[in-house]
Undergrad: 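Sharing a structure here in structure tokens format.
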Protein chains: 2
Amino acid sequence: MTQGASGDGPGRGETYSGAARERFERLYETLRNRICLLDYPPGHRLSEEALATEFGVSRTPLRRVLGWLEAQGLLRSVQGVGTIVTDVEIDALSQIYQLRMELAELIGRLGPREPDETMLTLFRNLRDRGQQLAESPDARAFAQFNIDVFQALMQVSNNKPLRETSERLFYLTSRIWLQSVPQIDLGQEATILAREVEELLTAIEIGDLAAVGLIRRAHISMSFIRLIRYRDG
Amino acid sequence: MTQGASGDGPGRGETYSGAARERFERLYETLRNRICLLDYPPGHRLSEEALATEFGVSRTPLRRVLGWLEAQGLLRSVQGVGTIVTDVEIDALSQIYQLRMELAELIGRLGPREPDETMLTLFRNLRDRGQQLAESPDARAFAQFNIDVFQALMQVSNNKPLRETSERLFYLTSRIWLQSVPQIDLGQEATILAREVEELLTAIEIGDLAAVGLIRRAHISMSFIRLIRYRDG
DNA sequence: AAATGCATTGTTGTGTACAACAACACGCGC
DNA sequence: GCGCGTGTTGTTGTACACAACAATGCATTT
């Protein structure tokens with residue numbers, strides 16, 4: 001393949017200011033999803049050469065993507081060894097969860113965004129998806145649903161730094177559920193998450209965004225406790 | 001210069017696992033300081049080629065450093081134009097300050113670290129420096145002192161994600177004071193900061209770390225209000 | 001004189017070859 | 001049989017040459 005003559009890259013005309021940036025974000029989200037969905041489990045060593053070949057680029061632009069993922073704490077590159085998917089040890093997990101709880105509450109307090117029809121539709125769709133998921137639990141679908149619920153919640157606040165910080169911490173810890181999937185009660189977790197979405201939807205319909213933050217915080221708190229209990233036995 | 005034969009690079013034997021990493025961190029902190037101390041003011045276009053030449057490396061390792069700074073929001077690279085130091089517009093500044101206030105309070109609540117003699121000495125030295133600064137105000141010394149006070153405060157909490165998040169937001173906004181230096185009353189600001197350090201030291205000596213967070217939050221809140229007043233007239 | 005097209009220049013983005021490094025396996029000595 | 005040194009292999013790190021791109025200045029045209 002010749003340089004830059006990517007087949008599907010510049011297809012959409014919305015290259016706001018650079019086709020390279022678009023490709024970067026595509027690679028970034030692709031790899032982040034693979035990490036969060038445990039296609040690349042913690043400790044997995046992925047090869048720059050192999051990834052570059054797969055995506056039809058050279059190592060150079062790929063390394064920029066890996067660099068960002070490393071900056072987010074999802075990867076760790078060490079010379080002579082490889083690029084390793086990070087693992088989250090239990091005490092670091094606890095610290096992140098403590099902070100995530102506080103930030104979840106802030107989502108409803110800092111720059112709340114008035115719920116519009118779009119947001120309501122979004123959460124109603126999530127509620128329906130949650131009910132289906134609770135009826136027929138599936139590990140991967142659960143993980144994806146968890147991500148989608150989080151991303152929907154991020155639209156509640158206008159505070160961009162808060163959203164970015166919450167995102168970073170979320171993607172750092174969301175994998176733990178898929179990792180513990182043999183031990184956890186997937187059906188119960190799906191049911192709990194589905195009910196959380198229902199509660200969130202109720203609060204949004206009323207327009208009480210502070211309540212949204214409190215509900216979310218409570219569920220993060222409880223889910224961490226359940227997680228610890230799962231792991232302990 | 002041949003590859004890797006840097007004169008001062010591998011001088012210290014504490015290369016925990018890679019001399020490259022050490023060099024990376026040195027470049028990173030150097031450039032971050034230059035940005036935060038306004039050696040590179042917002043809007044400034046810095047050349048990869050020139051920087052690589054200055055540091056005696058090739059563009060490749062330098063680009064990794066620039067990539068991290070871009071991930072932290074301090075730089076913005078655009079093809080064909082250059083690598084530009086970001087500017088903070090007033091509304092984004094407000095959002096960051098709101099979040100910083102909340103995080104400051106959390107510093108005293110999440111994983112507080114018992115003050116030891118080292119920390120007390122650190123803050124007592126800062127108190128002395130603050131008094132000297134208040135007597136003979138200097139813009140650059142004020143900015144550096146502001147950074148050092150912040151870094152000392154980061155040692156109060158054991159929560160690493162909270163520290164990293166606070167750092168990111170701090171370095172994103174600390175430049176605003178040097179930017180406004182013709183308009184602000186530098187002597188007054190130095191006096192206020194020195195007194196804040198005194199208050200913080202008092203709280204630390206008592207061992208009330210929650211108070212530390214509250215004091216810090218209050219000062220962040222007030223300093224933002226003063227900043228807005230400075231800018232408005 | 002003003003506007004427009006175009007060449008020039010300088011920048012970041014990309015591809016590629018090689019160096020530095022660490023892990024592994026093999027063979028040698030004990 | 002066991003320990004150790006060493007070559008081999010695969011990885012990330014680095015340097016460099018070139019492509020893609022945007023801005024600028026200049027000549028040309030209207």
Side-chain angles (χ1 to χ4, degrees), chain A residues 1-11 13-28 31 40 43-71 74-86, chain B residues 1-7 9-10 13-28 31 40 43-71 74-86:
Chain A
M1 178 182 295
T2 58
Q3 195 170 326
S6 175
D8 55 342
E14 62 193 16
T15 67
Y16 48 97
S17 178
R21 220 159 200 93
E22 190 176 343
R23 178 167 70 178
F24 170 86
E25 296 192 0
R26 188 161 44 91
L27 289 182
Y28 180 83
L31 288 181
Y40 302 143
H44 182 77
R45 281 189 358 201
L46 40 88
S47 164
E48 296 181 353
E49 192 73 35
L51 285 177
T53 303
E54 173 188 350
F55 292 116
V57 296
S58 132
R59 274 181 61 204
T60 310
L62 181 73
R63 276 176 62 80
R64 174 186 279 254
V65 177
L66 296 181
W68 274 60
L69 289 170
E70 190 178 0
L74 291 175
L75 291 180
R76 183 172 56 96
S77 293
V78 36
Q79 183 174 3
V81 178
T83 302
I84 299 124
V85 178
T86 59
Chain B
M1 176 182 298
T2 58
Q3 197 170 325
S6 176
E14 63 193 17
T15 67
Y16 49 95
S17 180
R21 220 163 201 92
E22 189 177 342
R23 179 165 69 180
F24 169 86
E25 297 192 0
R26 188 162 42 92
L27 290 181
Y28 180 83
L31 289 180
Y40 303 141
H44 181 75
R45 280 188 0 201
L46 40 90
S47 164
E48 296 182 353
E49 192 73 33
L51 285 177
T53 302
E54 174 189 350
F55 293 115
V57 296
S58 134
R59 274 181 61 205
T60 311
L62 181 73
R63 277 175 63 79
R64 174 186 278 255
V65 177
L66 297 181
W68 274 59
L69 289 169
E70 188 178 1
L74 291 174
L75 292 179
R76 185 171 54 98
S77 293
V78 36
Q79 184 173 4
V81 178
T83 303
I84 301 127
V85 178
T86 58

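The shown structure was predicted, so the numbers you read here are calculated from the model rather than taken from an experiment. Chain letters run A, B, ... following the sequence lines, proteins first, then strands; residues in each count from 1.
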Undergrad: To the nearest Å, how far apart are A:L51 CG and D:dT11 C1'?
TA: 13 Å
Undergrad: Could you check how far CD of B:E49 sits from C1' of D:dA17, rounded to whole Å?
TA: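 Those two atoms, CD and C1', are 11 Å apart.
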Undergrad: Rounding to a whole Å, what distance do you find between A:L46:CG and D:dT11:P?
TA: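 Those two atoms, CG and P, are 11 Å apart.
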Undergrad: Is the base of C:dG13 touched by the side chain of A:R21 through a donor-acceptor pair closer than 3.5 angstrom?
TA: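 It does not, because no donor-acceptor pair links the side chain of A:R21 to the base of C:dG13 below 3.5 Å.
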Undergrad: For A:T60 and A:V81, find the nucleotide of DNA chain D closest to each by heavy atoms; which residue's nucleotide sits nearer the 5' end?
TA: A:V81
Undergrad: If I take atom CZ in residue A:F24 and atom P in nucleotide D:dC21, what distance separates them, rounded to the nearest angstrom?
TA: 18 Å
Undergrad: Identify, between B:G80 and A:G80, the residue whose nearest nucleotide on DNA chain D lies closer to the 5' end.
TA: A:G80
Undergrad: Nearest-Å distance, CZ (A:R76) to P (D:dG13)?
TA: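 So the two atoms are 12 Å apart, to the nearest Å.
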Undergrad: Quick check on C:dG13: is either OP1 or OP2 less than 4.0 Å from any side-chain nitrogen or oxygen of B:R63?
TA: yes
Undergrad: Between A:R45 and A:I84, what is the shortest heavy-atom contact and its length?
TA: CG-CG1, 3.6 Å
Undergrad: Name the closest nucleotide to the A:V57 side chain, picking from D:dT12, C:dG15, C:dG13.
TA: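 The answer is C:dG15, which lies nearest to the side chain.
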Undergrad: Examine C:dT11: is either OP1 or OP2 under 4.0 Å from a nitrogen or oxygen in the side chain of B:R59? Give yes or no.
TA: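 False: B:R59 side-chain N/O out of range (4.0 Å or more) of C:dT11 OP1/OP2.
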Undergrad: How long is the straight-line distance from CD of A:E25 back to CH2 of A:W68, given to the nearest 0.5 Å?
TA: 8.5 Å
Undergrad: Nearest whole Å is fine: how far is C:dT12 P from B:L62 CG?
TA: 9 Å
Undergrad: Please figure out whether A:R45 or A:R64 has its closest DNA chain C nucleotide nearer the 5' end.
TA: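 The residue mapped nearer the 5' terminus is A:R64.
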Undergrad: Do B:R63 and A:R63 have side chains that get closer than 4.5 Å, going by heavy atoms?
TA: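 Side chain of B:R63 against side chain of A:R63, heavy atoms only: no contact under 4.5 Å found.
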Undergrad: Please name the pair of heavy atoms, one in B:R59 and one in B:E49, separated by the smallest distance, quoted to 0.1 Å.
TA: CD-OE1, 3.5 Å
Undergrad: Any side-chain N or O of A:S58 below 4.0 angstrom from OP1/OP2 of C:dG15?
TA: yes
Undergrad: Please report the distance, rounded to the nearest Å, between CD in A:E22 and P in D:dC21.
TA: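 Between P of D:dC21 and CD of A:E22: 13 Å.
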Undergrad: Would you say that B:L51 contacts B:L31 through its side chain, given a criterion of any heavy-atom pair below 4.5 Å between the two side chains?
TA: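 Yes; the side chains approach each other to less than 4.5 Å.
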Undergrad: Provide, to the nearest angstrom, the distance between the CD1 atom belonging to B:I84 and the C1' atom belonging to C:dT12.
TA: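 These atoms are roughly 10 Å apart.
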Undergrad: Between C:dT14, C:dT12, D:dT14, which one does the side chain of B:R23 approach most closely?
TA: D:dT14
Undergrad: Between D:dT12, D:dT14, C:dG13, which nucleotide gets closest to the side-chain atoms of A:S77?
TA: D:dT12
